[in-house]
2 protein chains.
Amino acid sequence: MTSLPVVNQPVHRSGALLDHLARRIRTRSEAVLAPLGLRPRHLIALTVLRARGGITQQALSTTLEMDGTNVVSLLNELEAEGLIERRRSPEDRRRHVVELTQAGVERLAKAEFVLAAVEDEVLAALDDNHREQLYHLLVQAVEGHGTICPPDDEPAT
Amino acid sequence: MTSLPVVNQPVHRSGALLDHLARRIRTRSEAVLAPLGLRPRHLIALTVLRARGGITQQALSTTLEMDGTNVVSLLNELEAEGLIERRRSPEDRRRHVVELTQAGVERLAKAEFVLAAVEDEVLAALDDNHREQLYHLLVQAVEGHGTICPPDDEPAT
DNA sequence: ATGAATCGTTTGTGTTGCACCAATGATTAG
DNA sequence: CTAATCATTGGTGCAACACAAACGATTCAT
């Protein structure tokens, strides 16, 4: 205990539970996503990209807190499926600007459709209201960190 | 699309965000937990065990949704550190009943202390109120699934 | 214009956290 | 007594990373 910042100590830590719950969902998600040619990591990337289109690849790397080289291969997979598009930035032609394609948007929507069953199972103890509450807290947390813009309600189908 | 259960389709999916956020916390947690000889997976196990003491190893396996053999090695690590104790069940001597030791309780508390800094950073966009709200939603979700008993507020330090 | 830095990329290595399989000892159940 | 069950060990394999090295393309500084 040298020079602890001794931050504000809230009553509870959410980390472990968050991790635990994420794992539950992730495991099941793998199963339902597989037929769609997606894996959980893709879902995360697509979700981020839907929220923040036209993001630079580097920024994506920062947002995902993932090594640049791994982002490359992740995007390679998505691009191979035609779900994203890499364009050279006009300002700096070294950069790649990444964006969802129409196919990407649709695939993501399809994925979320089938994922409803998963969340329905794992979040069974939460009613719709609580789930929305949870969702908004997550958005807020992730966004506040400089990551996702409020996607706000999509008109959806 | 043969026979879709077509479950209730809530507005938003939380899975990806949950995964994303969990990863953020997990990554940072590794760093601050390492000096304590813990890793995120240990934290999860300890957290579950604090909530549900005297649980059978098999039940733990179910709760963690983790293969039995992996739970063994996980517990081996914790036991080697003296954080948990395996006792034979009196009813069925094949079973092991797992419980936190005093050292385990303390180590977990210490871990949560240092983790406050991590969550403070990652959840910066949430005030204390929101964090509690998040925590309770997580507990509810995890618990409702037949996992964690309401730990309800510990007096804590 | 030349050299240094940056962005994305490929390749390769290593680690961790799992799943899964097989085999074993201890114990319980039929 | 045999069969099933629980925990355990050991092994294989995979996915998701981190990290390092080297490269082409581009930009930036001088």
Side-chain angles (χ1 to χ4, degrees), chain A residues 15-16 19-20 22-31 33-34 37-46 48 54-80 84-99, chain B residues 15-16 19-20 22-31 33-34 37-46 48 54-80 84-99:
Chain A
D19 213 345
H20 186 38
R23 176 173 151 73
R24 292 190 155 198
I25 296 185
R26 196 182 331 121
T27 310
R28 289 166 173 77
S29 295
E30 280 168 21
L33 289 180
L38 296 175
R39 269 162 301 153
R41 52 202 309 263
H42 299 135
L43 241 277
I44 297 180
L46 293 177
V48 168
I55 193 184
T56 192
Q57 200 162 320
Q58 198 175 239
L60 184 60
S61 174
T62 304
T63 296
L64 294 178
E65 302 202 348
M66 194 179 291
D67 188 82
T69 66
N70 293 315
V71 171
V72 169
S73 69
L74 174 54
L75 290 181
N76 284 349
E77 295 169 358
L78 293 175
E79 197 176 37
I84 61 133
E85 209 181 17
R86 283 190 252 219
R87 249 168 301 140
R88 293 250 70 125
S89 162
E91 306 143 13
D92 183 343
R93 305 193 23 73
R94 288 169 299 185
R95 287 190 181 137
H96 269 161
V97 169
V98 187
E99 215 151 6
Chain B
D19 212 345
H20 185 38
R23 178 174 149 74
R24 292 190 155 198
I25 297 186
R26 197 180 330 121
T27 309
R28 289 166 172 77
S29 294
E30 280 167 20
L33 288 180
L38 295 175
R39 271 163 299 156
R41 52 200 311 263
H42 299 134
L43 241 278
I44 298 182
L46 292 177
V48 169
I55 194 184
T56 193
Q57 201 161 317
Q58 199 174 1
L60 184 59
S61 174
T62 303
T63 296
L64 295 177
E65 301 200 349
M66 191 179 294
D67 188 82
T69 66
N70 292 315
V71 171
V72 169
S73 71
L74 174 54
L75 290 180
N76 283 349
E77 294 168 359
L78 293 175
E79 196 176 37
I84 60 132
E85 208 180 18
R86 284 191 252 219
R87 249 167 302 140
R88 284 291 18 154
S89 162
E91 305 143 15
D92 184 344
R93 303 193 25 73
R94 287 169 299 185
R95 286 190 182 138
H96 268 160
V97 169
V98 188
E99 216 151 6

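When reading the values below, keep in mind they use all heavy atoms of this one structure, side chains included, and skip hydrogens, waters and symmetry mates. Numbers restart at 1 for each chain; the letters A, B, ... are given by sequence-line order, proteins then strands.
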Return no unless some side-chain N or O of A/Arg41 is found under 4.0 Å from OP1 or OP2 of D/dC17.
yes
Could you state the atom-to-atom distance from CD of B/Glu30 to P of C/dT16 in whole Å?
10 Å
Using atom CG of B/Asp67 as one end and atom P of D/dA15 as the other, report the distance to the nearest whole Å.
17 Å
A/Arg93 (side chain) donor-acceptor with A/Ser89 (main chain) under 3.5 angstrom:
no
Tell me: CZ of A/Arg95 to C1' of D/dT27, nearest whole Å?
10 Å
Phosphate oxygens OP1/OP2 of D/dT8: is one of them under 4.0 Å from a side-chain N or O of B/His96?
yes
Could you check A/Glu79 against B/Glu77 and say which one's nearest nucleotide on DNA chain C is further toward the 5' end?
A/Glu79
Rounded to the Å, how far apart are A/Ile55 CD1 and C/dC7 C1'?
15 Å
Reckon A/Arg23 has a side-chain N or O less than 4.0 Å from the OP1 or OP2 of C/dA19?
yes
Counting only side-chain heavy atoms from C-beta out, which of D/dA7, D/dG10, C/dG8 sits nearest to B/Thr69?
D/dG10
In plain terms, say whether B/Arg26 and A/Glu65 are close enough for a salt bridge, that is, a side-chain N and a carboxylate O under 4.0 Å apart.
no
Run the numbers on A/His42 and A/Leu74 for side-chain contact (heavy atoms from CB on, under 4.5 Å), then give the verdict.
CA-CA 7 Å; A/His42 299 135; A/Leu74 174 54; 3.3 Å; yes
In this structure, how many angstroms lie between the C1' atom of D/dC6 and the CZ atom of B/Arg86, rounded?
12 Å
Does A/Thr56 make a side-chain donor-acceptor contact with the base of C/dC7, cut-off 3.5 Å?
no
Can you tell me whether the side chain of A/Asn70 and the base of D/dA16 have a donor-acceptor pair closer than 3.5 Å?
no
Roughly, in whole Å, what's the span from CG in B/Asp19 to P in D/dC17?
9 Å
Salt-bridge contact A/Arg87-A/Glu99 (side-chain N to carboxylate O under 4.0 Å):
yes
Which whole-number value in Å describes the distance from B/Arg26 CZ to D/dA18 P?
11 Å
Whole-Å distance, A/Gln57 CD to D/dT26 P, equals 15 Å
It should be established whether B/Arg93 places a side-chain nitrogen or oxygen under 4.0 Å from OP1 or OP2 of nucleotide C/dT27.
yes
Would you call A/Glu30 and A/Arg41 a salt bridge, taking side-chain N to carboxylate O under 4.0 Å as the test?
no
Does A/Arg39 have a side-chain nitrogen or oxygen under 4.0 Å from the phosphate oxygens OP1 or OP2 of D/dA16?
yes
Mapping A/Ser73 and A/Asp92 onto DNA chain C by nearest heavy atom, which one lands closer to the 5' end?
A/Asp92
